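Input: a single structure, listed below in structure tokens.
These numbers were taken from a predicted model, which means no experiment stands behind them. Protein chains get the first letters and strands the later ones, always in sequence-line order, with residue 1 at the start of each.
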2 protein chains.
Amino acid sequence: MEQESRLAGTVRPGGRTARVRSAVLEATQDELVKHGFHGLSMDAVAARAGVGKTTVYRRWGSAAGLVTGLMTELADQSASHADTGTIEGDLRANAAGVLAALRDERLSATFQAVIAAATCDEEAATALRAFYARRIDEWAKAVDLAVERGELPAGTDGRELIRAVSAPLYYRLVVTREPVDETVATLAATRALAAARAGAFVGEV
Amino acid sequence: MEQESRLAGTVRPGGRTARVRSAVLEATQDELVKHGFHGLSMDAVAARAGVGKTTVYRRWGSAAGLVTGLMTELADQSASHADTGTIEGDLRANAAGVLAALRDERLSATFQAVIAAATCDEEAATALRAFYARRIDEWAKAVDLAVERGELPAGTDGRELIRAVSAPLYYRLVVTREPVDETVATLAATRALAAARAGAFVGEV
DNA sequence: CCCTTAATGGGGCAGAGGTTCCGTTAAGGT
DNA sequence: ACCTTAACGGAACCTCTGCCCCATTAAGGG
């Protein structure tokens with residue numbers, strides 16, 4: 001009759017519980033930087049966080065659960081879109097933000113871990129989708145404003161344009177594993193914008 | 001004095017050895033489709049291939065070694081670029097080829113596994129880089145021909161243009177985990193081409 | 001300040017997965 | 001056809017991860 005006790009950490013989330021949470025997530029990132037997702041063990045995370053491994057298991061369940069937790073946390077911290085006054089400035093700001101994230105070794109390791117986890121864990125995949133859906137929706141607003149200002153053709157698909165700016169950066173990082181630097185970021189923004197001005201992002205579907 | 005015995009399978013590669021190799025690689029793909037890279041065990045692969053797990057361990061060494069072997073095999077099978085007569089046709093053919101690969105569940109699982117493996121294994125990362133470097137170089141020739149025909153501005157960076165066509169597809173598959181279909185493929189080619197015609201791929205670096 | 005109980009942590013067990021040993025099979029040369 | 005030995009396969013070994021039991025600690029409400 002009694003419902004299963006809900007997830008640990010939800011009834012008394014203050015003090016110790018909060019400290020354990022941040023210690024574990026920090027430790028997870030450190031381990032990811034060192035060994036990647038494939039080498040992530042609950043044991044090592046618990047030891048590094050100075051926490052009992054029982055606790056890690058109980059609250060996160062698995063390695064995939066840990067990186068899903070990290071991704072969920074990042075989703076809550078995601079910043080709002082830039083508003084530099086021109087769509088070129090905004091897209092460059094977007095590209096620069098992605099670049100900064102991918103160059104930060106802890107963030108980069110986290111993204112790559114979630115990507116790896118998502119290939120075999122549905123919750124991780126859902127967290128990934130949610131993170132990017134939110135981020136893309138947020139930045140698409142900058143495109144909508146540019147359309148209103150008359151900088152871009154009416155009907156330009158903001159979400160697709162934002163995807164087009166990020167895609168080359170992630171493609172290089174994750175797929176071809178080529179270096180990702182300022183030049184790549186700037187060119188990504190420039191090229192996406194050129195296509196948008198040519199009307200290639202009008203006429204969705 | 002005697003050099004370490006070189007990798008098993010190189011001295012007598014015919015008959016049994018070749019059969020074992022293909023059985024194991026086939027089994028690896030099957031397992032990847034089912035469980036992803038994180039769930040790939042040498043044990044399960046050996047059992048499915050009908051081979052002793054000692055053999056799998058000796059020849060491939062680890063799960064990362066297995067997927068690296070798969071990627072190397074794919075690199076040797078990569079097809080040459082299309083030549084439809086127009087750059088638009090060639091880029092669409094390229095996008096369609098990528099789409100077909102990403103929609104094939106065994107190929108898709110293999111790519112995603114190598115991507116996951118590359119985050120913590122240098123050999124897998126090298127195999128990935130080699131595969132895409134080869135593929136991109138091959139297809140860049142189609143762009144060079146288009147430039148010669150006068151279809152695209154002189155100085156257009158063929159490798160970058162080819163990357164720009166693939167990037168949105170991989171981005172959706174791997175990063176945002178959104179669906180990848182014919183529309184996405186066609187749009188990727190169209191948009192990259194629009195930017196190229198606007199000269200956004202001229203002036204490398 | 002005290003009480004209830006959510007949440008943690010140590011210790012320990014079971015089982016999966018990787019590693020090694022050594023006998024058996026068959027590739028490839030003569 | 002025969003011989004050498006590369007390569008394979010069965011089975012035991014062993015580490016390490018995942019999971020549970022129960023005593024201990026400290027949130028958070030009164």
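- Nearest nucleotide to the A:K53 side chain, out of C:dA7, D:dC19, C:dG9: D:dC19.
- For the pair A:R21 CZ and D:dA26 P, the computed distance is 21 Å after rounding to whole Å.
- Of the residues B:R106, B:R48, B:E31, the one that meets the side chain to side chain contact (heavy atoms under 4.5 Å, CB included) test with B:E26 is B:R106.
- Remark: the A:Y170 side chain and the A:Y132 side chain contain an N/O donor-acceptor pair separated by less than 3.5 Å.
- Residues of residues 61-68 of chain A having a heavy atom closer than 4.0 Å to DNA chain D, listed by number: A:G61.
- Rounded to whole angstrom, the span from the CZ atom of B:F37 across to the C1' atom of C:dG17 amounts to 14 Å.
- Residue-to-nucleotide contacts include no donor-acceptor pair under 3.5 Å from the side chain of B:S41 to the base of C:dG18.
- Residues A:F111 and A:F131 bring their aromatic ring centres within 6.0 Å.
- If you take CZ of B:R19 and P of C:dT25, they are 15 Å apart, rounded to a whole angstrom.
- Distances from the side chain of A:R58 to the nucleotides C:dG10, C:dT8, C:dA27 place C:dT8 closest.
- You'll find that the side chain of A:V20 is closest to C:dT8, out of D:dC8, C:dT8, C:dG11.
- In this structure the side chain of B:R103 never reaches within 4.5 angstrom of the side chain of B:V180, judged on heavy atoms.
- Considering only side-chain N and O atoms, A:Y57 lies nowhere under 4.0 angstrom from the phosphate OP1 or OP2 of D:dG18.
- Taking atom NE2 on A:H35 and atom C1' on D:dC16, their separation rounds to 14 Å, with Å as the unit.
- Listed nucleotides C:dG9, D:dC8, D:dC19 differ in distance to A:T55; the shortest reach to its side chain belongs to C:dG9.
- Using modelled atom types, one finds no donor on one side chain facing an acceptor on the other under 3.5 Å when comparing A:E123 with A:T68.
- Between A:E182 and A:T186, the side chains place no donor N or O within less than 3.5 Å of an acceptor N or O (distance only, hydrogens not considered).
- Considering only the side chain of A:T17, C:dT8 comes nearest among C:dG11, C:dT8, D:dA11.
- Listed nucleotides D:dG9, D:dT17, D:dA12 differ in distance to A:D43; the shortest reach to its side chain belongs to D:dT17.
- Residue B:R16 has its side chain nearest to C:dA27 when only C:dT19, C:dA27, C:dG11 are considered.
- Closest to the side chain of A:R59, from the set C:dT8, D:dA7, C:dG9, is C:dT8.
- Checking B:T176 against B:E178 by side-chain atom types alone, a donor-acceptor pair falls below 3.5 Å.
- Between A:E31 atom CD and D:dT17 atom P there is a gap of 11 Å when expressed in whole angstrom units.
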